[in-house]
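The chains referred to below are lettered A, B, ... by the order of the sequence lines, with proteins before strands, and numbering in each begins at 1. All values derive from a computational prediction rather than experimental measurement.
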Amino acid sequence: MNHKNKMMMLLSSAALAIFAVLQAGQVVAAGAAGADKPLMLAEVSAANIFNRNLKKQKNPNAPPWEDGIHDTTNEATFNLQPPLEAYKGLPKTSFGNHVDWVKALDQGLIKPRWDRLDSNEEPFVMDLDIVRPVKASVPDVVFPHRQHTEWLFCSNCHPAIFIPQKGANQINMSAILLGKKCGVCHGKVSFPIETKTCKKCHSKPKPADWKPPLSEATLKNPWK
Amino acid sequence: MALKNERDFAFKSLLLGVLLTLGLMGVSQQSKAEYADVVINNYADAAGMRPAVFPHWFHRIRFRCKVCHADLGFKFKAGGNKITMAKIIDGQFCGACHNGEVAWSVENCAMCHSGIPGTPTHFHGSTLQRLVAPAYKPLDAKKASKK
């Protein structure tokens, strides 16, 4: 059979395909133009807007009168200090207040009081790292007591939030996000829970020979 | 005279239009207050007062968490402390420092009570709030802005 015929058939089918695509495009365009209203999305309640991407803040550290929660009809709002004024010279981060508070304290750039009245009182610092193995493939968690005891007292966390006993605390990210365990502070006051901050806690790489544990369903799979 | 009135009216309506547009834009935008600012509105609205806004960042520069959360007994929960002005004047909670000795005294009402009326008690910028929904933004306001 001749080569020419084959080519012709190919060409014509290609032309047909292009025509079909164009047609479809026209239909879509006509549909969009013909409708008076834009495509109506279902009305959702606030509770359903979950799992969207965390939007980057456009104007972090806005002064009180531009921050959306202070009332600008209140004269005193304009007497409040804008955060950026206080943050001058403090080490920066890309989340939360955009200030690395722990570093600022370590470097002596801020000197917050440990006692309400006595500015000379020193905190009771305990330098003890707790390693928490994580079942999943993310790096294991290292909890540093030092940074925490610089700011907090033992009774702030023990025993109400964390039972001071090995293996007594079940922690998972869902609980943390919902404000339990570490989430009592993290994600609200201390650094937030964002992709950028995962590694602040999940900081100990898994051993070289680590393999993800097989799930029970795999181990007991009857169709194996 | 009539001409002047007309001009005034035109100017006023233009101004109103601009303000309205800005207002609607403001509604649709996320508020961008400082991370960990707490709006406390347990009783304020009902008492005809603006809600109080507590800036964690400002206090953190001056005091460690321990001072308020261990010594003064502030619970780790927005709105969970049932703070009233009576307690503050008695020297509890904010009143432990805001007594004119450690920090400025309670007659500066509007320094704390500076929030937008109707804002519910919440932690500003918390991860959960950002993930789930801006709970401080009433849905009705959003609907109204669409109309």
Side-chain angles (χ1 to χ4, degrees), chain A residues 43 45-52 54-55 57-62 64 66-71 74-77 79-81 83 86-87 95-99 101 105 110 112-117 123 150-153 155-156 161 177-179 183-190 192-194, chain B residues 26 29-39 50-51 53 55-72 76-78 96-97 101-102 108-117 119 123-139 142-143:
Chain A
E43 290 235 357
S45 78
N48 289 331
I49 314 170
F50 190 77
N51 211 14
R52 60 187 177 177
L54 291 182
K55 276 180 198 145
Q57 273 195 312
K58 275 181 197 158
N59 181 11
N61 313 124
E66 286 171 17
D67 71 1
I69 60 171
H70 283 93
D71 193 350
N74 171 29
E75 277 175 36
T77 294
N79 296 340
L80 297 169
Q81 186 186 30
Y87 295 170
F95 43 77
N97 294 116
H98 294 248
V99 171
W101 295 106
L105 184 70
I110 52 170
R113 280 188 193 170
W114 178 252
D115 185 76
R116 185 169 59 94
L117 304 169
E150 290 271 7
W151 293 98
L152 292 152
F153 200 62
S155 65
N156 281 135
I161 302 171
L177 277 166
L178 289 170
V184 170
C185 299
H186 286 287
K188 287 182 189 155
V189 187
S190 39
I193 303 153
E194 297 177 7
Chain B
Q29 270 170 3
Q30 260 194 322
S31 68
K32 45 204 178 222
E34 196 59 19
Y35 180 69
D37 275 4
V38 187
V39 176
R50 291 187 181 93
V53 179
H56 260 107
W57 64 269
F58 186 92
H59 292 80
R60 165 162 26 197
I61 293 171
R62 289 152 180 84
F63 296 96
R64 308 202 191 207
C65 322
K66 174 251 184 193
V67 175
C68 299
H69 290 294
D71 298 352
L72 301 183
F76 293 126
K77 182 150 182 45
C97 293
E101 287 166 31
V102 182
N108 300 291
C109 314
M111 293 286 273
C112 296
H113 290 278
S114 57
I116 295 169
T119 314
F123 242 100
H124 189 82
S126 78
T127 306
L128 183 66
Q129 186 201 44
R130 289 177 67 200
L131 269 175
V132 176
Y136 52 87
K137 204 187 281 173
L139 264 186
K142 212 173 162 188
K143 270 183 196 161

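Side-chain atoms of B:Tyr35 come within 3.5 Å of backbone atoms of A:Ser190 as a donor-acceptor pair (strictly under, hydrogens ignored). Judged purely by atom type and a 3.5 angstrom limit, A:Asn156 uses its side chain to pair as donor or acceptor with the backbone of B:His69.
Using a 4.5 Å heavy-atom cutoff, the side chains of B:Val53 and A:His70 are in contact. Residues A:Leu105 and B:Arg64 meet the side-chain proximity criterion, which asks for heavy atoms closer than 4.5 Å. Considering only heavy atoms from C-beta on, A:Gln81 comes within 4.5 Å of B:Trp57 through its side chain.
Ranked by non-hydrogen atom pairs under 4.5 Å with chain A, the options B:Ala70, B:Pro55, B:Pro51 are led by B:Ala70. The most heavy-atom pairs under 4.5 Å with chain B, out of A:Asn61, A:Asn79, A:Leu178, come from A:Asn61. Put simply, of B:Ser126, B:Ser114, B:Ala96, the one with the most heavy-atom pairs under 4.5 Å next to chain A is B:Ser114. Per-residue counts of heavy-atom pairs under 4.5 Å with chain A were compared for B:Arg62, B:His56, B:His113; the largest is that of B:Arg62.
With sequence neighbours excluded, the residues satisfying side-chain hydrogen bond (donor to acceptor under 3.5 Å, both in side chains) with A:Asp71 are A:Thr73, B:Arg50. For A:Lys188, there are no salt bridge (charged side-chain N to carboxylate O under 4.0 Å, His left out) partners two or more places apart in sequence or in a different chain.
Scanning both residues, A:Ala62 and B:Glu34, for their nearest heavy atoms gives N-OE1, 4.4 Å. Across all their heavy atoms, B:Arg60 and A:Asn97 have their closest contact at NH2-OD1, 3.2 Å. Taking all atoms of both residues into account, the shortest heavy-atom contact from A:Gly68 to B:Ile116 is O-CD1, 3.2 Å. In plain terms, the two heavy atoms of B:Ala36 and A:Val189 that are nearest each other are CB-CA, 3.8 Å. Heavy atoms only, all atoms of each residue included: A:Leu80 and B:Met111 are closest at CD2-O, 3.7 Å.
When heavy atoms are compared at a cutoff of 4.5 Å, A:Phe95 does not approach chain B at all. Contact of A:Leu177 with chain B is made through backbone and side chain together, with heavy-atom distances under 4.5 Å. Contacts of A:Pro123 with chain B are made by side-chain atoms alone, with heavy-atom separations under 4.5 Å and no backbone atom involved. For chain A, no part of B:His59 is nearby; none of its heavy atoms comes within less than 4.5 Å. For B:Asp37, the part sitting under 4.5 Å from any heavy atom of chain A is the side chain, from C-beta outward, and nothing else.
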(request) Tell me, with the steps shown, if A:Arg116 and B:Asp71 meet side-chain contact (heavy atoms from CB on, under 4.5 Å). (result) CA-CA 8 Å; A:Arg116 185 169 59 94; B:Asp71 298 352; 5.6 Å; no
(request) Run the numbers on A:Ile161 and B:Phe76 for side-chain contact (heavy atoms from CB on, under 4.5 Å), then give the verdict. (result) CA-CA 11 Å; A:Ile161 302 171; B:Phe76 293 126; 4.0 Å; yes
